[in-house]
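Below, read A as the first sequence line, B as the second, and so on, with proteins coming before strands; counting in each chain starts at 1.
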Amino acid sequence: MKPARTRMAPSPTGRFHLGSARTALFDYLLARKTGGQFILRIEDTDQKRFVPGAEEEIIRSLDWLGLTPDESPVHGGPYGPYRQTERREIYQYYANLLVEKGHAYPCFCSPERLEKSRQEQQARKVERVKYDGLCRGIDPDEAARRVRAGEKHVIRFKMPQDGVTIAHDHLRGDIVTENKYIDDYVLLKSDGLPTYHLAAMVDDHEMKITHVLRGSEWLPTFPLHVNIVRAFGWEEPVWIHLSVFLKPSGKGKMSKREAAQAIKDGYSIFVDDMKDLGYIPEGVLNWIALMGWGVPEDDVMTLDQMIERFSIDSLTPSPAAVNFQKLDHFNGTHIRLLTTEDLSARIKPYFAAAGLEVRDETLLKVTPLIRERLVTLDDCLAFAAFFFKEDVEPNPEELIAKGLDAKQSAEVARRVYQILEAQPDLSHERCEPPLRAYVEESGLSANQVFGILRVAATGQKVSPPLFESLEIIGKEKVLKRLQRAIEMLERM
RNA sequence: GCCCCCAUCGUCUAGCGGCCCAGGACGGAGCCCUCUCAAGGCUCAAACAGGGGUUCGAGUCCCCUUGGGGGCACCA
């Protein structure tokens, strides 16, 4: 396959969400797979909806995911500028070119007239409400004169009124649309900036984009776009319309409401939130890759493995419901795939954020103990914070073993204390045999004895493996914590 | 209302006319392992939306119905 040039072209009007991330992923995979380039282009032609900081969030999110573009507003590139507001002359040139070729025309209708016309049509219940074509019939010379005179106008595409347009989508095949259903869309707005329809087609051509991956919300105007490209006489890219993401229930698309719900549930559909929630790029990427991409088997993949296996032929056209449980699964899976050094470095900030001082030497010993227990990185606190605290605060009730009372539990704790105190150090090898022997002779269960020790030493009922943990906590602290537990039990 | 797209287990999907009494993954249930929680291993339940065609043969091709989604802006 020839090197593909792909592009992701978001508008800086909101947050960078899962859907954008998936499009970017597939763009990136196709580019890497074929030895081509992945481009980021900012479609900021709607100054009314511009959101400050949105572009930064897009770039930050892509970067975090590891999908850094080869060409972009910040990285530059040979086909820039990559921000559409910086390309307005280009669009004006091409819009005029289309007028000259007879494929477009200036329209002088006011927004008010347009609105009135629309309402009239709605009242008449016409088949398809669209521009009534008033300016379409103006003599070109007359129109040119009015434009030169400075009359306010837009440029509209002169859509063929008869026949059909056959547009080819790589996933859906030929899409046949009757031309009468397609409006004379505005290409150039009265403020001199282009609409998406013109800008995207011009840029994709100018930037030599070979494959256009975009959301299925573009399907209705797909035939329009194809007509524009053909009017210019340009070669068409391969068109791929990806489906939208549905909310977890599968009933309805992702909405503002749903985004808020996800956050309430401890999840998010915004990539920029993922890091704080403890997700790692590997997990997120693997998760979104599987929505809309039919990977036959072995669905645990790193980015490099995805590149190796990617093919636009195995993309799927049907809408996919977002499943956060699957995100958790893949996140945990990829956490387990990390090396001890890597994982340690990634969880360290969470301890720091909790105000805990963490020595690398200790952390490196702790990490292997909690690795397979982490679903998200921030889970490290629940499992391992006690390693880095001076004292722990066990719940007295939890110090009492199942089937025993406080007094009996205190007795067990005292015996355990004696056993551990007698050891030169609390290495796993030293502690386990005598404690097991005690379990034997006492007639208690390992669960009861180790349970008391666990809560006393770690302050919690659930912890990493006990003996390995004791070794890391150290004899001095373990005995101190045990002593405290004994006192708590005696006071009950 | 009109136009367009989609349709296999609850969810993501494999299947591109016979290899499918439909395979994998998440989730669920059970068992094993076990000092807790995980991880891991094994097993089980779970789907071709409905109806017509085409064909010797249909989950796979065609049509209709139904359901879902998207779109009807000087927004993208």
Side-chain angles (χ1 to χ4, degrees), chain A residues 9-14 43-46 48-49 107 109-111 114-115 118 122 125-130 152-156 169 171-172 175-178 180-183 185-191 193-197 199-200 214-223 241 243-244 246 248-253 287 290-300 313-314 316-330 332-333 336 370-375 379 382-383 432 435-436 439 445-451 453-455 458 460-467:
Chain A
S11 59
T13 52
E43 311 219 322
D44 56 350
T45 55
D46 186 355
K48 288 190 275 312
R49 294 202 307 154
C107 170
C109 295
S110 69
L114 259 20
E115 183 52 35
R118 258 193 293 272
Q122 266 156 11
K125 295 203 188 309
V126 295
E127 215 183 6
R128 162 77 153 96
V129 176
K130 52 182 199 177
K152 192 159 181 158
H153 68 284
V154 300
I155 303 290
R156 284 183 185 275
D169 175 87
L171 304 182
R172 298 154 207 266
I175 294 170
V176 184
T177 313
E178 289 194 61
K180 65 177 179 186
Y181 291 123
I182 309 167
D183 208 348
Y185 281 91
V186 171
L187 299 178
L188 201 68
K189 299 182 273 187
S190 57
D191 63 3
L193 282 168
T195 58
Y196 172 89
H197 311 301
R214 43 153 38 169
S216 63
E217 65 268 24
W218 293 114
L219 240 18
T221 43
F222 182 25
H241 292 88
S243 63
V244 294
L246 269 24
S249 64
K251 301 280 177 206
K253 64 161 179 177
W287 176 52
L290 262 23
M291 289 188 277
W293 177 15
V295 181
E297 75 245 352
D298 229 353
D299 44 16
V300 175
D313 296 339
S314 49
T316 57
S318 40
V322 163
N323 181 347
F324 289 112
Q325 287 177 314
K326 213 160 180 173
L327 200 216
D328 282 338
H329 172 260
F330 279 106
T333 302
R336 271 170 255 133
I370 63 173
R371 184 181 1 236
E372 59 268 15
R373 280 158 246 268
L374 303 181
V375 170
D379 286 342
F383 282 111
E432 190 163 0
L435 284 171
R436 292 238 179 243
V439 168
S445 71
N447 232 312
Q448 291 172 308
V449 175
F450 297 160
L453 212 204
R454 179 190 317 283
V455 175
T458 70
Q460 44 198 245
K461 289 189 82 158
V462 173
S463 82
L466 227 209
F467 302 110

S.K.: Taking the side chain of A:Ser463 as heavy atoms from C-beta outward, which of B:G69, B:U36, B:A76 is closest to it?
M.R.: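 Of the candidates, B:U36 comes closest.
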S.K.: Base of B:C5, side chain of A:Arg172 - is there a donor-acceptor contact under 3.5 Å?
M.R.: no
S.K.: Please compare A:Tyr196 and A:Gly292 by the position of their nearest nucleotide in RNA chain B and report the one closer to 5'.
M.R.: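 It is A:Gly292, whose closest nucleotide lies nearer the 5' terminus.
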S.K.: Let me spell it out: for each of A:Arg336 and A:Ser243, pick the nucleotide of RNA chain B with the closest heavy atom. Which residue's pick is nearer the 5' end?
M.R.: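 The 5'-side residue here is A:Ser243.
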S.K.: For B:C37, take OP1 and OP2 only and decide whether either is under 4.0 Å from a side-chain N or O of A:Lys461.
M.R.: no
S.K.: When rounded to the nearest Å, what value does the distance between C1' atoms of B:A39 and B:C32 take?
M.R.: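 Straight-line distance between the two C1' atoms is 14 Å.
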S.K.: Can you figure out which of B:A25, B:C35, B:A76 approaches the side chain of A:Asp299 most closely?
M.R.: B:A25
S.K.: Please confirm whether the shortest side-chain N or O distance from A:Asn447 to OP1 or OP2 of B:U36 is below 4.0 Å.
M.R.: yes
S.K.: With respect to the side chain of A:Ala321, which nucleotide from B:A7, B:A25, B:C12 is positioned closest?
M.R.: B:C12
S.K.: Less than 4.0 angstrom between a side-chain N/O of A:Lys251 and OP1 or OP2 of B:G67, yes or no?
M.R.: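 A:Lys251 to B:G67 OP1/OP2: no side-chain N or O under 4.0 Å.
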S.K.: So A:Arg214 and A:His241, side-chain hydrogen bond (donor to acceptor under 3.5 Å, both in side chains) or not? Walk me through it.
M.R.: CA-CA 5 Å; A:Arg214 43 153 38 169; A:His241 292 88; 2.9 Å; yes
S.K.: So which nucleotide from B:G71, B:C35, B:A38 ends up closest to the side chain of A:Lys253?
M.R.: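 The nucleotide sitting nearest to the side chain is B:G71.
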S.K.: How far does the C1' atom of B:G68 sit from the matching atom of B:C31, given to the nearest Å?
M.R.: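 The same atom, C1', in both gives a distance of 39 Å.
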S.K.: What integer number of Å spans the P atoms of B:C48 and B:C64?
M.R.: 23 Å
S.K.: In terms of side-chain heavy atoms of A:Leu219, which of B:A76, B:U36, B:C4 is nearest?
M.R.: B:C4
S.K.: Choosing from B:A25, B:C35, B:A7, which nucleotide comes nearest the side chain of A:Leu466?
M.R.: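 Within the option list, the nearest is B:C35.
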S.K.: With rounding to the closest Å, how many angstrom separate the P atoms on B:G51 and B:C56?
M.R.: 23 Å
S.K.: How are the rings of A:Phe467 and A:Phe450 set relative to one another: parallel (under 30°), tilted (30 to 60°) or perpendicular (over 60°)?
M.R.: perpendicular
S.K.: Would you indicate which nucleotide in B:C74, B:G71, B:C6 comes nearest to any side-chain atom of A:Pro111?
M.R.: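 Of B:C74, B:G71, B:C6, B:C74 is nearest to the side chain of A:Pro111.
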S.K.: Measuring only the C1' atom in each nucleotide, how far is B:G15 from B:G67? A whole number of Å is fine.
M.R.: 23 Å
S.K.: In whole Å, measure the gap between the C1' atoms of B:G10 and B:G70 for me.
M.R.: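 These two C1' atoms come out 24 Å apart once rounded.
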S.K.: When you get a sec, tell me which of B:C12, B:U36, B:G71 is the closest nucleotide to the side chain of A:Lys326?
M.R.: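 For the A:Lys326 side chain, the nearest candidate turns out to be B:C12.
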S.K.: What's the gap between B:A29 and B:A45 when it is taken at their C1' atoms, as a whole Å value?
M.R.: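 It works out to 7 Å between them.
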S.K.: Could you tell me whether the phosphate oxygens of B:C35, OP1 or OP2, come under 4.0 Å of any side-chain nitrogen or oxygen in A:Ser445?
M.R.: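 Looking at the OP1 and OP2 atoms of B:C35, neither is under 4.0 Å from any side-chain N or O of A:Ser445.
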S.K.: Determine the Euclidean distance between corresponding P atoms of B:C44 and B:C26; express it in Å to zero decimal places.
M.R.: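 It comes out at 16 Å once rounded to the nearest Å.
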S.K.: Counting distance alone, no hydrogens or angles: does the base of B:C3 have a donor or acceptor under 3.5 Å from a partner atom on the side chain of A:Arg128?
M.R.: no
S.K.: Taking only the side-chain heavy atoms of A:Phe450 (C-beta and beyond), determine which of B:C2, B:G71, B:C35 contains the nearest atom.
M.R.: B:C35
S.K.: Work out which heavy atom in A:Trp293 is nearest to a heavy atom in A:Ser314; give both atom names and the distance.
M.R.: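 Looking at all heavy atoms of both residues, the closest pair is NE1-OG, 3.0 Å.
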S.K.: Nearest to the side chain of A:Lys48, which nucleotide is it out of B:C75, B:C12, B:C5?
M.R.: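 Of the options given, the side chain of A:Lys48 lies nearest B:C75.
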